[in-house]
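Working notes for the structure below.
If you read the sequence from its start, that first residue is 1, and numbering goes on from there.
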Amino acid sequence: MTAYDFGAQHPMSPVRLDLTEALARSLGLFDLDEVSVVPPYVADDDELAAVHDRDYIEAVHFASEHPESTNETRGLGTEDDPAFAGMHEASARLAGGSLAAAEAILDGSALHAVNFGGGMHHAKRDRASGFCIYNDAALAIQRLLDRGVARVAYVDIDAHHGDGTERIFWNDPRVMTISLHETGLQLFPGTGFANEVGGPDARGTAVNVALPSETQDAAWLRAFHAVVPQLLGAFEPEVIVSQHGCDSHRLDPLSHLNLSVDGQREAALSISDLATRLCEGRWLATGGGGYELTSVVPRSWTHLIAIAAGQPLPVGAAVPQRWRDYVQEKYGAVAPEVMGDGVDIWWRSWEVGYDPNDEVDRTVMATRKELFPLHGLDPWFD
């Protein structure tokens with residue numbers, strides 16, 4: 001999976017996948033009886049065409065074979081998505097990982113599945129965008145639908161709006177997409193506002209919480225719990241697919257949110273709990289963004305794996321010394337000593353009241369007013 005590599009100067013570095021795998025392995029997560037590690041496969045063109053135009057797939061093949069080429073119409077060979085030799089196979093392998101995860105949930109061999117190499121949520125039907133070539137999350141959702149799942153909820157907690165996945169299912173009432181992200185007034189892709197609620201046949205199935213820059217753990221978790229459980233409860237999904245981009249962290253170089261690893265872990269726990277309550281546990285989790293390569297991404301996604309395995313790691317757990325040595329020796333970086341950031345993530349429940357002077361509360365209320373009535377919910381009291 002580390003073949004998904006746009007080059008040494010690109011922020012989407014495969015280092016983050018290597019270090020996540022190494023940390024999870026060093027903590028023994030892959031040796032648990034509950035865990036099976038399976039190799040991803042390269043999705044074929046027919047599988048990719050479930051959500052991508054065939055002309056676009058052909059363009060990716062061409063760029064993969066001619067990496068010196070540029071196709072700005074398809075978003076290929078650009079600064080964000082530079083072409084590289086083998087790009088099609090590398091991108092289709094990430095997609096194959098999420099498709100394999102979906103199949104495991106469908107056939108009952110897994111209740112939870114994690115593809116931390118996936119989460120390429122900006123890719124559109126007909127073009128690459130934002131470091132994303134093929135939208136593996138959308139492919140997994142479509143596979144679930146095609147195999148008989150009636151309703152799928154997609155919960156995206158990346159710092160950037162999950163625009164590609166939302167757009168692919170914009171007018172499909174079987175899919176609810178929920179994205180909590182930094183406001184598009186400050187951050188790529190510039191979309192994802194409260195009034196973007198879905199197409200004419202699916203109004204109320206696109207949900208966006210556009211959080212102000214510098215939002216911290218407590219406010220972020222307050223926003224999550226003021227919107228996500230209520231709307232998922234009304235939608236009644238049969239499977240939850242989630243995207244866990246960890247670029248919301250305060251150290252991330254590409255965004256301006258102010259979360260901790262502790263807060264990201266809490267979000268993953270909350271999504272897992274919702275899957276248990278609403279979907280008999282069926283939950284497919286992917287990675288996503290995340291550009292602080294040694295301190296943030298490996299810890300956040302290792303927590304995700306542990307939660308999915310039913311063995312959550314304490315935030316105070318020690319980071320194995322052998323992993324810290326590996327980080328130092330291979331990448332010349334000093335790794336953290338514990339699995340959390342040592343912060344207080346206590347959050348104030350929405351039930352205690354709405355504060356019109358609070359910018360996050362105003363954002364939450366804007367989303368509640370747009371979406372809740374479409375699902376028979378009261379934006380003030382539910």
Side-chain angles (χ1 to χ4, degrees), residues 1-27 29-30 40 79-82 84 87 90-91 93-94 97 114-122 130-133 136 156-160 181-182 187-188 243-265 267-268 285-306 313 315 317-343:
M1 296 184 88
T2 56
Y4 193 81
D5 186 356
F6 291 110
Q9 304 308 312
H10 196 281
M12 181 73 89
S13 171
V15 168
R16 63 205 198 117
L17 303 184
D18 172 51
L19 290 181
T20 299
E21 190 275 343
L23 179 56
R25 187 174 297 281
S26 69
L27 284 163
L29 296 181
F30 297 155
E79 182 178 0
D80 275 1
D81 297 283
F84 61 91
M87 181 171 68
S91 305
R93 184 176 291 109
L94 298 188
V114 179
N115 175 15
F116 61 82
M120 302 295 104
H121 63 163
H122 294 307
F131 315 160
C132 305
I133 307 301
D136 62 285
D156 189 318
I157 61 173
D158 196 287
H160 301 80
H181 49 269
E182 183 179 347
L187 192 67
F188 175 89
Q243 197 267 22
H244 294 258
C246 49
D247 44 5
S248 58
H249 195 274
R250 64 193 182 206
L251 296 181
D252 195 273
L254 297 190
S255 64
H256 317 96
L257 296 177
N258 203 10
L259 270 65
S260 64
V261 167
D262 310 51
Q264 293 170 345
R265 172 185 178 275
T286 70
Y291 309 99
E292 206 303 312
L293 305 178
T294 57
S295 177
V296 175
V297 179
R299 289 188 298 159
S300 185
W301 288 349
T302 297
H303 278 301
L304 174 64
I305 295 165
L313 295 166
V315 291
V319 171
Q321 185 61 46
R322 63 175 177 170
W323 184 79
R324 299 184 72 240
D325 292 343
Y326 177 69
V327 173
Q328 179 68 54
E329 293 165 6
K330 188 168 183 179
Y331 299 109
V334 177
E337 296 181 359
V338 296
M339 287 297 294
D341 290 331
V343 301

Do [X] and [Y] touch side chain to side chain, with heavy atoms closer than 4.5 Å?
X: Leu259; Y: Arg250; value: no
X: Met339; Y: Val261; value: no
X: Leu27; Y: Pro320; value: yes
X: Asp158; Y: His181; value: no
X: Gln328; Y: Arg324; value: no
X: Pro14; Y: Tyr4; value: no
X: Leu19; Y: Tyr331; value: yes
X: Asp247; Y: His160; value: yes

Under 3.5 Å donor-acceptor, [X] side chain and [Y] backbone:
X: Asp81; Y: Phe131; value: yes
X: Thr302; Y: Pro298; value: yes
X: Glu182; Y: Leu187; value: no
X: Arg16; Y: Met12; value: no
X: Arg299; Y: Val338; value: yes

Nearest 0.5 angstrom please: [X] [atom1] to [Y] [atom2], how far?
X: Leu254; Y: Glu292; atom1: CG; atom2: CD; result: 11.0 Å
X: Ser91; Y: Ile133; atom1: OG; atom2: CD1; result: 5.0 Å
X: Cys246; Y: Arg265; atom1: SG; atom2: CZ; result: 15.0 Å
X: Ser248; Y: His244; atom1: OG; atom2: NE2; result: 11.0 Å
X: Arg322; Y: Arg25; atom1: CZ; atom2: CZ; result: 9.5 Å
X: Leu94; Y: Leu17; atom1: CG; atom2: CG; result: 7.5 Å

Show your reasoning for whether side-chain contact (heavy atoms from CB on, under 4.5 Å) applies to Phe116 and Met1. CA-CA 10 Å; Phe116 61 82; Met1 296 184 88; over 6 Å; no
Can the ring centroids of His122 and Phe188 be said to lie less than 6.0 angstrom from one another?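 Between Phe188 and His122, which both carry aromatic rings, the centre distance is below 6.0 Å.
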Ignoring hydrogens, what is the shortest heavy-atom contact between [X] and [Y]? Give both atom names and the distance.
X: Ala268; Y: Leu304; answer: CB-CD1, 4.1 Å
X: Leu313; Y: Leu29; answer: CD1-CD1, 4.5 Å
X: Ala335; Y: Trp323; answer: CB-CZ3, 3.5 Å
X: Gly289; Y: Trp301; answer: O-CZ2, 3.6 Å
X: Tyr291; Y: Pro11; answer: CD2-O, 3.3 Å
X: Asp156; Y: His121; answer: OD2-ND1, 2.7 Å

Classify the side-chain pair Asp341/His249 by whether it contains a donor and acceptor separated by less than 3.5 Å.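 Yes, a side-chain donor-acceptor pair sits under 3.5 Å.
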Among side-chain atoms of Gln243 and Thr286, is any donor-acceptor pair under 3.5 angstrom?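 No, because no side-chain N or O of Gln243 sits under 3.5 Å from a partner of the opposite role on Thr286.
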